[in-house]
Amino acid sequence: MRDTASVLHLDLDAFFAAVEQRDKPSLRGKPVVVGGTGGRGVVATASYEARRFGVRSAMSTREARSRCPHAAFLSGRFPAYRAASELVMAELRAVSPLVEPLSLDEAFVDLAAAGLPDLTLPTVTEVAQRLRARVAEVTGGLTASVGLASSKFVAKVASELDKPDGLTVVPPGTEQELLRPMPARVIPGVGPQTTERLRRAGVHTVADLEALSLDELVRLLGKAHGHGLHAFARAQDDRPVVAEREAKSVSVEGTYDTDLTDRRLMEGLLTRQAGEVATRLRAHGLSGRTVTIKVRLHDFTTLSRSSTLPSPTDAAGVVARTARTLLADLDTSGGVRLLGVGVSGLADWVQEDLFADDAALGDEAADEVAPVDLEAAFPRRRTWPPGADVVHEEHGRGWVWGSGRGVVTVRFETAASPSGPVRSFAEDDPALQRWTSTEPDPGEVTTQPLSSPT
DNA sequence: TCTGGGGTCCTAGGACCC
DNA sequence: TCTGGGGTCCTAGGACCC
């Protein structure tokens, strides 16, 4: 642990929902829920207005709808979130070369690598405030909460303390007095199961945890976890901020609104997922030796089966055939709610001579798959998901307010032109198109750098 | 019709090798 | 008849994170 508050943790507030409110003025000040909108969807992000009704991340969308029926339920526009995230990460890197993104909306910054004149509290505080202002400026008004402390652990705890749009600085030396009264749950790696185990052992707070010996903790939680908690309970955390981390696996999975029972359909879906995995492997110049399938049964029991190949592959056909073979050994007669395919044991090289063969094999193997109409049974993506950007020949840019029964309702409103009407169209109206371009609208006057995500 | 998707890390047992 | 140990790889499952 360092003796300066030079680890910064930044967390964008209600990120996905905030991007939607930024781009769709009618949603400002209103409850917005972004996440899965299907029958088995869960909430990814709820705006603060929706949180007032008890809507939370990871809650089923069904429950969120019953708690807050008048919220806008949107299925998410990842290109827009990624664009906003990249602008924020660029601002962080302008402060210090040592930036560790944890997700689209969160990152650590090591101010000790920033080349500042000093790392005193006034200096780092000013850097943090300037950074928050820059984030708002460059994203068109998104707010961030920031924590500054002597370690990742405490910086992250600190960023939670004044949300949204706040800054908390923990002076070095005061970490333990901050942590002691907090629930043990604030410690990274302490989730529901560990919390329950600790509760049964009479441990509720960080102070309670601190009273346990290393031996007791290891007995209670195992070696790695025990050692980790022993240190965290004392605010000891030497984990460095790491800029580049290599991917260890690539996977695709899907939960279906109704349980699958048709094996040929499952094989078709696995094959399609294998293709997506292979595409992503190739896009990153990776290949891997271990193919894993994941199967969640109707009763939520989750199975995995894996097979390690003699050499790494990035070929769709090889991944697909391996996946289908693994599925063959499982009893899925009760119905399957989730299927997934992943590749791990990644290497950043491909065996050149095998590459051509594998690629050819890939095409063949894709064709081997049972003749089910996958697109009819499970369309790859719905054309008009709620919240999606669209453009109409006559009315211009807008977004999907609702869809179903052959009709799509569009609100013609963007951050740049916030006063458009709401109109309905036939779903197959050729004048209406998904807006997928990452370029700004032709002719659109953009005053906010992010109003047309790139 | 409770319970997403993309990840990481850890544990534990068995095979196999020296 | 009894008696090893360590190391690595692989597999399956589970907890956790955002």
Side-chain angles (χ1 to χ4, degrees), chain A residues 9-16 33-46 56-67 75-76 78 81-82 85 100-108 152-153 156 159-160 184-198 218 221-229 232 239 242 245-259 273 276-277 280 284 288-310 322 326 329-330 335 337-346:
Chain A
H9 179 258
L10 178 138
D11 194 344
L12 293 158
D13 302 313
F15 179 52
F16 297 168
V33 178
V34 180
T37 49
R40 285 170 168 170
V42 300
V43 175
T45 312
R56 296 282 178 272
S57 294
M59 173 182 283
S60 72
T61 300
R62 180 177 308 276
E63 184 173 355
R65 279 189 204 277
S66 85
R67 288 186 186 223
S75 56
F78 279 82
Y81 309 151
R82 211 166 291 119
S85 179
E100 178 177 336
L102 300 178
S103 61
L104 287 180
D105 66 341
E106 242 184 85
F108 287 112
K152 283 182 164 182
F153 169 33
K156 176 146 171 133
S159 71
E160 295 287 319
R185 187 74 170 76
V186 303
I187 292 173
V190 177
Q193 302 292 322
T194 306
T195 301
E196 177 57 20
R197 275 198 180 185
L198 291 173
V218 169
L221 303 171
K223 197 171 160 190
H225 217 180
H227 277 89
L229 262 59
F232 283 135
R239 294 172 300 163
V242 179
R245 290 159 75 188
E246 308 228 316
K248 308 216 160 156
S249 65
V250 173
S251 64
V252 170
E253 65 184 53
T255 294
Y256 305 97
D257 272 350
T258 54
D259 289 350
Q273 292 173 331
E276 290 167 20
V277 168
R280 279 168 47 194
H284 294 98
R289 282 184 62 213
T290 303
V291 176
T292 303
I293 64 164
K294 179 170 163 183
V295 177
R296 180 119 72 207
L297 303 177
H298 64 292
D299 65 355
F300 219 73
T301 59
T302 305
L303 309 174
S304 68
R305 290 293 181 273
S306 65
S307 174
T308 298
L309 309 167
T322 310
L326 289 167
D329 289 338
L330 294 178
R337 60 145 51 214
L338 171 146
L339 279 179
V341 179
V343 172
S344 58
L346 300 185

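Throughout, a chain's letter reflects where its sequence line sits, starting with A, and its residues are numbered from 1.
Nucleotide C:dC18 holds its C1' atom 13 Å from the CD atom of A:E100, rounded to whole Å. In this structure, A:K294 places its NZ atom 13 Å from C1' of B:dT8, rounding to the nearest Å. In this structure, A:D13 places its CG atom 15 Å from P of C:dC18, rounding to the nearest Å. Computed from coordinates, the A:M59 CE to C:dC18 C1' distance equals 17 Å when rounded to whole Å. Counting to the nearest Å, the P atom of B:dG5 and the CZ atom of A:F300 are 10 Å from each other. Rounded to an integer number of Å, the gap from A:Y256 OH to B:dG5 C1' is 12 Å. The distance from atom CD of A:E246 to atom C1' of B:dG6 is 18 Å, rounded to the nearest whole Å. We find that CG of A:L338 is positioned 14 Å from P of B:dG7, with the value rounded to whole Å.
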### Message
Please determine whether side-chain contact (heavy atoms from CB on, under 4.5 Å) holds for the pair A:V34 and A:Y81, giving the CA-CA distance in whole Å, both sets of side-chain angles, and the decisive distance to 0.1 Å.
### Response
CA-CA 12 Å; A:V34 180; A:Y81 309 151; 3.6 Å; yes
### Message
For A:L221 and A:T194: C-alpha separation, side-chain torsions, deciding distance, then whether side-chain contact (heavy atoms from CB on, under 4.5 Å) applies.
### Response
CA-CA 8 Å; A:L221 303 171; A:T194 306; 3.9 Å; yes
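Of the side-chain N and O atoms in A:R62, none sit less than 4.0 angstrom from OP1 or OP2 of B:dT3. Close to C:dA15, at under 4.0 Å from its OP1 or OP2, lies no side-chain N or O of A:R185. Under 4.0 angstrom from either OP1 or OP2 of B:dT11 there lies no side-chain N or O belonging to A:K223. Close to B:dT1, at under 4.0 Å from its OP1 or OP2, lies no side-chain N or O of A:T258. Between A:S304 and C:dG13 there is a side-chain polar atom (N or O) within less than 4.0 angstrom of OP1 or OP2. Between A:R296 and B:dG4, a side-chain N or O to OP1/OP2 separation shorter than 4.0 Å is present. Dashed line: the shortest gap from a side-chain N or O of A:R337 to OP1 or OP2 of B:dG4 is under 4.0 Å. An OP1 or OP2 oxygen of B:dT8 is reached within less than 4.0 angstrom by a side-chain nitrogen or oxygen of A:S249. Put simply, A:S251 has no side-chain N or O that comes within less than 4.0 Å of OP1 or OP2 on B:dG5. At the phosphate of B:dC2, neither OP1 nor OP2 sits under 4.0 Å from any side-chain N or O atom of A:R67. Under 4.0 angstrom from either OP1 or OP2 of C:dG14 there lies no side-chain N or O belonging to A:T302. Taking side-chain N and O atoms only, A:T308 has no distance below 4.0 Å to OP1 or OP2 of C:dC9.
Along DNA chain C, the nucleotide nearest to A:R289 and the one nearest to A:L303 differ in position, and the one closer to the 5' end is contacted by A:R289. Two residues, A:V42 and A:A224, neighbour DNA chain B, and the one matched to the more 5' nucleotide by heavy-atom proximity is A:V42. Heavy-atom nearest nucleotides on DNA chain B were determined for A:H298 and for A:E253, and the one closer to the 5' end corresponds to A:H298.
Within the 3.5 Å criterion, the main-chain N or O of A:L309 finds a donor-acceptor partner in the side chain of A:R289.
Enclosure of atom CD in A:E196 by more than 12 non-hydrogen atoms of other residues, nucleotides or ligands within 6.0 angstrom is indicated.
The side chain of A:T255 lies closest to B:dG4 when the candidates are C:dT11, C:dC18, B:dG4. Closest contact between the side chain of A:A58 and the listed nucleotides C:dG13, C:dC16, B:dG4 involves B:dG4. Comparing B:dG7, C:dC16, B:dT8 by their nearest atom to the side chain of A:R245 picks out B:dT8.
Between A:H9 and A:F108, the ring-plane angle classifies as tilted under the 30° and 60° cut-offs.
Using a 4.0 Å heavy-atom distance criterion, A:D259 is classed as making no nucleic acid contact. At a threshold of 4.0 angstrom between heavy atoms, the contacts of A:G36 with the nucleic acid are absent. Residue A:A247 is classed as a sugar-phosphate contact, given heavy-atom separations below 4.0 Å to backbone atoms only. Nucleic acid contact for A:G35: none, since no nucleic acid atom lies under 4.0 Å from a heavy atom of the residue. If you check every strand for non-hydrogen atoms under 4.0 Å, A:S57 touches nothing. Residue A:V190 is classed as a sugar-phosphate contact, given heavy-atom separations below 4.0 Å to backbone atoms only.
Contact record, A:L326 with A:V291: CD1-O, 3.6 Å, taken as the closest heavy-atom pair.
Across B:dT1 and C:dC18, the matching P atoms stand 32 Å from one another, rounded to whole Å. B:dC16 and C:dT3: their P atoms are spaced 23 Å apart (whole Å).
Pair check for C:dC18 finds B:dG5; Watson-Crick or G-U wobble, both atom distances under 3.5 Å.
A salt bridge does not link A:R296 with A:E253: none of the charged nitrogens is closer than 4.0 Å to a carboxylate oxygen.
Separation of atoms CG (A:D13) and OG (A:S159) is listed at 9.5 Å; rounding is to 0.5 Å.
Glycosidic torsion of B:dT1 falls within 90° of 0, placing the base in syn.
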